[in-house]
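To start, the structure itself, in structure tokens.
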Amino acid sequence: MTLDGWIQVALYCAIVLALVKPLGLYMTRVFTGAPTLLSPLLTPVERGLYRLAGIDGRQEQSWLGYGLALLVFNGLGFVGLYAVLRCQDLLPLNPAGQAAVPPDLAFNTAVSFVTNTNWQNYGGETTLSHLSQMLGLTTQNFLSAATGIALALALIRGFARASAATVGSFWVDLTRCTLYVLLPLSVGLTLFFVWQGMPQTLQAAVEATTLEGAHQTIAIGPVASQVAIKMLGTNGGGFFNANAAHPFENPTALANLVQMVAIFALGAALTNVFGRMVGDERQGWAILAAMGVLFLGGVAITYAAEAAGSPVLNALGLLGGNMEGKEVRFGLAASALFAVVTTAASCGAVNAMHDSFTALGGLIPLLNMQLGEIIVGGVGAGLYGMLVFVVVAVFVAGLMVGRTPEYLGKKIEAREVKMAMLAVLCLPAAMLGPTALATVIPAGLAGPANAGPHGFSEILYAFTSAAANNGSAFGGLSGNTPFYNVALGFGMLAGRFLVIIPALALAGALAAKKTVPASAGTFPTDSGLFVGLLVGVILIVGGLTFFPSLALGPVAEHLAGAAGQTFGAGG
Amino acid sequence: MSPQKHNSPFGAALAGRALLGAFAKLDPRAMVRNPVLFAVEVVAVLTTILFARDLVTGGPDLLFSGQIVLWLWFTLLFANAAEALAEGRGKAQAESLRRTRTEMTAKRLTGGANRDHETVPGASLRVGDWVLVEAGELIPSDGEVVEGVASVDEAAITGESAPVIRESGGDRSAVTGGTRVLSDAIVVRITAAAGSTFVDRMIALVEGASRRKTPNEIALDILLAGLTLVFVFAVASIPSFAHYAGGTIPVIVLAALFVTLIPTTIGGLLSAIGIAGMDRLVRFNVLAMSGRAVEAAGDVDTLLLDKTGTITLGNRQATAFRPVSGMPERDLADAAQLASLADETPEGRSIVVLAKETYGLRGRDMAALNATFVPFTAQTRMSGVDLGGSSIRKGAVEAVLAALSVAPPSPRGGNAALAFRPADEPEAAAEIRAIAEEIAKAGGTPLAVARDGRLLGVVALKDIVKGGIRERFAELRRMGIRTVMITGDNPMTAAAIAAEAGVDDFLAQATPEDKLALIRSEQAGGKLVAMCGDGTNDAPALAQADVGVAMNTGTVAAREAGNMVDLDSDPTKLIEIVRIGKQLLMTRGALTTFSIANDVAKYFAILPAMFAALYPPLAALNVMGLASPQSAILSAIIFNALVIVALIPLALKGVTYRPVGAAALLRRNLLVYGLGGVLVPFAGIKAIDIAVAALHLA
């Protein structure tokens, strides 16, 4: 590790932190319907959209209505995207003449983008037409991100409101989020990326002749616009198969930094929106602090592991950091940081190959996802995932102050615990279940490129990434097979909607409750003590579930490597 | 029922019965109510069957798997024993209560004159029947005194041997079935049919027969069930993972891992904690009608306390003699003492005491002075003494002044008129009023004294705030509880007493409607309110409050309305009740945290033991340096079972509550039960492992 590396990490954290308050204030104004700088321009558009859709912007929904609207909307989004992918050969804007996407891959890709996962079993530039990328994927990049934020808002309102029957309007939240937050920021970012040298064109490819006289076809396209929302919306689906490791998708060090900032910006600011809406910004900072502790711990471990390099190579006298699978342009620190950021959030964009990380370096991205991506997390999803853990933490330890558990004046009772536990339960089920299946059936065992614990990690990582709606891949695994396409598809659906439904029910139950005023006897939830408690509960309840799988994957690989044992190539 | 009469929790007889109970509770129909223990039972049955099969077919490692199976059953038995032990104390009490409820007969009034009655079995009484109970007889059922007054021995219920007075009308009319009339005879209207009397309910309560899970227990059960399911996934996926790694894991090892990971500690002790909490209240002579009320007590935000008897001593005491100008203070003291010599009220006695303390005036013999005492009446609102040709009166300022101005002829003859001959002292009257107001502002009650028509001055009576009560309120404030004093006094007096006692707020000249309105407004703000009361007019407020403690001396209506009954009728107990409620919740939270935190060490014991065969380098995770894989697993499961036993005393006694504010409390408990929960099992498992290895058990 170098001082230079840590300065990069510190700079990154400082920028993200500096953005929390202004973005939080802006978003709070947007979501509470207060006028903003962009209102004169966008309010007429917003009204026009409501009129077009026949929606009354003032009509709020119960949690059930909100949830149904969300499910129907996402269901239609899936059908639309699936249709575009299956028919892309018949549709315009297909200069490279890409064929229709096969059914299992189209299913996987459609699910992947609707659930904000952006798992890439497709190879962007070699499989999809421009229309599929722009109309299909980019649209879902916006809408799945807005869906996540909308849900977080519903849950925030659950805590903020008292004796209320409604949690907001899904249509309004979706529209405002897209119109006032995602679109303007994306436009700005796109312009910035174009300036940094990212292509933004509808041209198919550039033909080049190398100095040796060889012909090369260099794919280009509307890259910058897709990258902007891919990061902001923590989608992660790259325009190119190599994702942010591709020079056109990540041209400069500055672009790399801004992309990482864009991943965390909205998720971190949402904690501030939460604080503002519940009337105590400190509550938001406490949650962000818990995220920060877990994040910095992860960065430190990954960076240290990568900087230390492979024990096997070190034993052979090849000292130095582990540069396999990393962009030389970015180096160890920026690659390790990117890996932790992208898996802490549910982004999944990569600027280095996680498969090539050291065992421990790869463990952290895996663990980040297994915890449910609550460290800043996917836009919206990170906050509601974290709040679910807060409910569990408050319930476990809240009794210790001699009162029945409460958070922000809301009593945590049977219904809240039930919903929180359902949300917590579905992740281990969706991650460990399919992994257990894939490690015994031939179709599953055909996937990994490596034998031994690393091969196991590849399978585990794939299903973890899918259920956590991350979308980053450990590489190595050949995922574009009917088994993996379908199994991962269902994993993504389970990881998204089986969390969303109990989280919404939780929002509804909380909104209906009275708010108990705080007193000296109230469990304090804005202190360092609470941050520590929350981190502890997350690591014990969230982490211990996955301890056996981690032990058999990265930990076994690390310890075996330290002992000089290696495993050959696998099936 | 008093604390002294209780058996120790570990009495031999109780322990024996708890052991029997522990086996009886293995019945899966009972077990299914507790998701964690039910999961353990399923696993225990399964592994027992597998073990039996291996025994027949001669499987490997029979000693090891036999021990695991044994400890799985021990885990269950220990948890059951905890519950049985907690119940045992209640059962013993219930038996002693049952003995009082022997066959009894009742004299049912037939409606004729002269209390004509027929003798019927007690069980045949209906609600609304009138029965005659004479000295020496047991009251056949709960009821209300409608005629007469009697002293009643209620030791069977309260454990208090001093008899209490029960009389018709007023707030002391309720009588309890099974108590004995010591003197006189009363007519009682029966208010509870056989089987639903107070004693019946008490038996059911202490026995735990009517015990239902409280809301918080239900929520906690859901959490524990959820965690159990999480670990089902975690453990059930291991065989496939092991298969991938090219090995297999014996079922008995998976069973051991699963049982140690799921929160058996809190699962096993949860109901014992609840029962023990109720039991603690019972030992405080408070009966909670539901566990929900005990939980609510821990959550109370606002405490409504009656001034008299709770904040102040029941009686006012004389604190100063304030003569009018020109009158020597000693004369006033002398007159006031004379007027009070025969006054048996606490106020009267306190005047005599004050006169003696300040002027050394000795008590004089009324007969020797040839004095006649004139008692207080509602009409005159004065009392006093007539001696020789002189007459002294003391009473409320307005009453004395009114008597001076009109000088009414005494209805009862005597020479009362003498005391108020001329109404010729307007300046003195004005002065008296001024002094009176000054006293009232300071929280006292003025008592004017007149002799032979002359105003002598005022005796200041003061409510004496109970010693240490200020500290109690400060303590409550640190707990986050707001105290509101309820009093019939005027706002001026109330404010002064409130300031002296250190309550947060007061409600002066309070009517029952005001009380109800106050409770409602507090509750509308999301707060939980506790109060105590005894009168029929308290009933609506008692019913509205989240914790309503009715005094046992109170009326039937009050006792029906409250969700707790204080057998000692001591309103200060409300503070103890809150503390017991908090203690119950804290114990539950502490053991939950401890139980979950334990998992870290258990993983480090079992995982390396389980996986080292697959990947030998994983033996590096054996940070405790446990002797062998088998002893590691065995030690973890033994620790898991023994920790239940070790924590039974804590579950029954409860975690100590300190009123230091939530933040400090949380810090302390997180340190002890959170961090302690992570660290203790490392040491515990290692110690057991050493023993296991030394005994060659594995």
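Scope of the values below: all heavy atoms of this structure, side chains included, with no hydrogens, waters or symmetry mates. Predicted model only: the values in this text are computed from it and were never measured.
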At a 4.5 Å cut-off on heavy atoms, which part of B:I596 comes close to chain A: side chain, backbone, both, or neither? both
Tell me, side chain or backbone of B:V232 under 4.5 Å from chain A's heavy atoms, or both, or neither? neither
Portion of B:L670 that has a non-hydrogen atom of chain A nearer than 4.5 angstrom: both
Ignoring hydrogens and angles, state whether a donor on the side chain of B:T483 or B:D504 is under 3.5 Å from an acceptor on the partner side chain. yes
Would you confirm whether the ring centroid of A:F546 sits within less than 6.0 angstrom of the ring centroid of B:F233? no
Please rank A:A560, A:S519, A:A436 by heavy-atom pairs under 4.5 Å with chain B and give me the top one. A:A436
Which answer fits B:F241, side chain, backbone, both or neither, if we ask what part of it has an atom under 4.5 Å from a heavy atom of chain A? both
Options A:G532, A:A563, A:A551, ranked by heavy-atom pairs under 4.5 Å with chain B, top entry: A:A551
Among the listed options B:I481, B:V300, B:T593, the residue most often paired with chain A at heavy-atom distances under 4.5 Å: B:T593
Using heavy-atom distances under 4.5 Å, tell me whether B:L591 contacts chain A through its side chain, its backbone, both, or neither. neither
Go through the atoms of B:R477 and report whether side chain, backbone, both or neither lie under 4.5 Å from a heavy atom of chain A. backbone
Let me know if B:L227 has heavy atoms under 4.5 Å from chain A in its side chain, its backbone, both or neither. both
Less than 4.0 Å between a side-chain N and a carboxylate O, is that true for B:R482 and B:E522? yes
Winner by heavy-atom pair count (cut-off under 4.5 Å) against chain A, out of B:G526, B:A663, B:P659, B:A662: B:A662
Using heavy-atom distances under 4.5 Å, tell me whether B:R588 contacts chain A through its side chain, its backbone, both, or neither. both
